Amino acid sequence: MTHISTINPATETIIAQYDLMGKDTAFEKIEAAHTAFKTWKLKSHADRAPYLRDIAAALRDNSAELAQLMTDETGKLLRDGATEVELCAQIFEYTAEHGPDHLADEERTHSGGDKRGIVTYAPIGVIYSIQPWNFPIYQPARVLAANLMAGNAVILKHAEICTGSGLMLQDICREAGLPEGLFEVVIIDHDTSDEVIAHDKIRAVTMTGSDAAGRTIGETATKHLKKTVLELGSNDAYLVLEDADVELAVKTCVQGRLYNNGQTCVSAKRFVVTDAVYDAFVTAFVDQMKSIKMGDPTEDDTQLGPLSSQDQFDTIEKQVKDSLKNGATLLCGGNPDDRKGAYYPATVLGDCKPGAPAYDDEIFGPVASIIKAKDDEDAMRIANDSRYGLGGGIFTKDEDKAIRLARDHFDTGMVRINSFGAADPNMPFGGVKNSGFGREHGGFGMMEFVNAKAIYLP
């Protein structure tokens, strides 16, 4: 294969074709990034901040074009694309405002407090960023903002299906005045990607994707002694406890399952419902999922667009069929129309048990898994009965109880209480177990790829 094509999942038409880069071209971009880094690292954090603010402004100026391209490439609802661009602008602004304080030198003492020391957070070089298609601008932008502030350069390998979005982000950054080389996009295959990881001027690797892909990339990076941050998949559990506000829970859980056409790592995916409210929740939840309007992602009244590709459609279809074979019950959806485009309807599976993909795995589409729990304690047990641990949620009228469960018992990186959301610039983002390791946002992302250097003074 010498080129790749991007395809509109709603219309099945080819958007563009791109030539794959060979190893030599990819390595030239790494060398250019390293050259740019050598100058960039000498700037103060305060001097880097205006570049990030200029990128934020440029993102807003290009919001309509970016949103349209993301919709064309991935089927994302057009209004969600505009929201994504705004979130990215806020991330660059947050990083510009708070980065200098987060990364400032720290004065310390040593030798029993008799002597002075300094801890400085020095940039390390070129960071290799491997990103997925579900948030074509947000995924690379959150890595880019943090590492530019830290003083690093970034090489992006984006998912093939949103190649155009990655290149547009690169163009916007350059037009905003970011020095050449600090952010480079490579269009390469997996074999060349492994050689990029091994390159001596690549100092670290950050990747978002499935746990299977994370395991492979993490192994390759570790072989070459490169630090990694891995933000992987999940099958996030949302608990509906005995004293939950059922109406609020139903409304929020529908939103949480269908946001971004159900293709979000922190989507609400497993709904663990206590026996006391099970019938009321399931009846209302299924009714709302049945009423969802699926259609053209550019239309204002569309609630559910297509999946990102035919491959994604085929994967979801197989996972649902396998779950039904393993004892799950189809409560709605699950039978796609014979229509053009990768459209999969809002689907609810009941009676989900271990052994079924709907219980064990991540279904990256508009498919909800409902699991009955005996009581609150059983619900918490089921929520943690997963190889994943990225996000989750709790619905209860007792906030103190929710905080206690979230803090002391929920084995996951993020917990939403009586709400749903994807990410916030001021809060850490990341998971545990097979959902990966490392954190982004909230200042934590800026600290992942720096050298905490100890300077001893007499």
Side-chain angles (χ1 to χ4, degrees), residues 1-6 16-43 48 51 122-133 136 139-148 150-175 178-209 213-230 438 448-451:
M1 184 175 68
T2 59
H3 68 269
I4 58 174
S5 299
T6 53
Q17 289 188 329
Y18 303 92
D19 291 332
L20 283 173
M21 297 174 182
K23 183 179 77 170
D24 290 345
T25 302
F27 280 15
E28 286 173 5
K29 288 186 174 289
I30 296 172
E31 294 291 345
H34 181 71
T35 298
F37 159 73
K38 289 192 290 185
T39 300
W40 185 251
K41 72 175 184 176
L42 300 178
K43 290 184 178 292
R48 295 174 196 145
Y51 291 89
I124 59 174
V126 183
I127 311 302
Y128 186 34
S129 175
I130 304 171
Q131 299 302 326
W133 44 259
Q139 299 282 10
R142 70 184 186 188
V143 171
L144 180 61
N147 281 287
L148 288 178
N152 298 319
V154 176
I155 297 284
L156 169 65
K157 179 190 181 299
H158 217 336
E160 289 183 1
I161 70 172
C162 59
T163 297
S165 295
L167 292 171
M168 186 179 288
L169 177 61
Q170 176 185 261
D171 290 344
I172 287 170
C173 289
R174 289 178 177 173
E175 290 168 7
L178 188 69
E180 289 278 337
L182 283 178
F183 177 45
E184 294 284 345
V185 175
V186 292
I187 306 172
I188 56 178
D189 60 20
H190 293 301
D191 290 341
T192 304
S193 180
D194 287 346
E195 295 193 70
V196 168
I197 293 173
H199 194 288
D200 64 347
K201 289 188 173 65
I202 293 292
R203 293 292 300 273
V205 180
T206 181
M207 175 263 183
T208 299
R215 188 173 288 108
T216 298
I217 290 168
E219 181 179 7
T220 303
T222 300
K223 175 183 175 182
H224 297 285
L225 300 179
K226 308 294 175 73
K227 183 183 178 182
T228 55
V229 167
L230 301 178
E448 287 288 354
F449 296 132
V450 292
N451 173 13

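Starting from 1, each residue takes its place in the sequence as its number. What you see is a predicted model, and the numbers here were worked out from it, not measured in a lab. Both backbone and side-chain heavy atoms feed into the values below; hydrogens, waters and symmetry mates do not.
Here the closest heavy-atom approach between residue Gly218 and residue Leu230 is recorded as CA-CD1, 4.3 Å. The two atoms that bring Tyr51 and Pro179 nearest to each other are CE2-CD, 3.8 Å, heavy atoms only. When every heavy atom of Gly166 is checked against every heavy atom of Val185, the shortest pair comes out as O-CG2, 3.6 Å. For Ser193 against Ile130, the heavy-atom pair with the smallest separation is OG-CD1, 4.1 Å. Contact record, Pro123 with Arg48: CG-NH2, 4.5 Å, taken as the closest heavy-atom pair. Across Ala36 and Gly181, no two heavy atoms sit closer than the pair CB-C, 3.8 Å.
Atom CD of Glu184 sits about 5.5 Å away from atom CD of Gln170, to the nearest 0.5 Å. With values rounded to the nearest 0.5 angstrom, Ile187 atom CD1 is found 4.5 Å from Leu167 atom CG. In this structure, CG on Leu225 lies 11.5 Å from NZ on Lys223, to the nearest 0.5 angstrom. Annotation: the span from Leu144 atom CG to Arg142 atom CZ amounts to 12.5 Å, rounded to 0.5 Å. Atoms SG and CE, from Cys162 and Met168 in turn, are 12.0 Å apart once rounded to the nearest 0.5 Å. Separation of atoms OH (Tyr18) and CD (Glu160) is listed at 12.0 Å; rounding is to 0.5 Å.
No more than 12 heavy-atom neighbours from other residues, nucleotides or ligands sit within 6.0 angstrom of CD on Glu219.
Exactly one residue among Phe183, Tyr128, Phe37, Phe449 makes a side-chain contact (heavy atoms from CB on, under 4.5 Å) with Val154. That residue is Phe183. The side-chain contact (heavy atoms from CB on, under 4.5 Å) with Thr206 is formed by just one residue from the set Gln139, Gln131, Glu448; it is Gln131.
With hydrogens and angles disregarded, a donor-acceptor distance shorter than 3.5 Å links the side chain of Thr6 to the backbone of Ala16. Formation of a donor-acceptor pair under 3.5 Å by the Arg203 side chain with backbone atoms of Gly125 is not found in this model. For the pair Lys226 (side chain) and Thr220 (backbone), a donor-acceptor distance under 3.5 Å is absent. The backbone N or O of Ile155 lies less than 3.5 Å from no partner atom in the side chain of Lys29, so there is not a single donor-acceptor pair. Side chain of Lys201 to backbone of Val126: no donor-acceptor contact under 3.5 angstrom is found. In terms of modelled atom types and a separation under 3.5 Å, the side chain of His224 and the main chain of Ile197 share no donor-acceptor contact. Between the side chain of Asn451 and the backbone N or O of Ala122 there is no donor-acceptor pair closer than 3.5 Å.
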Show your reasoning for whether side chain to side chain contact (heavy atoms under 4.5 Å, CB included) applies to Ile217 and Thr228.
CA-CA 9 Å; Ile217 290 168; Thr228 55; 5.7 Å; no

Go through the steps to decide whether Leu148 and Leu178 satisfy the test side chain to side chain contact (heavy atoms under 4.5 Å, CB included), and finish with yes or no.
CA-CA 10 Å; Leu148 288 178; Leu178 188 69; 3.9 Å; yes

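For the side-chain contact (heavy atoms from CB on, under 4.5 Å) test, residues two or more places apart in sequence or in another chain that qualify with Glu195 are Lys23, Phe27.
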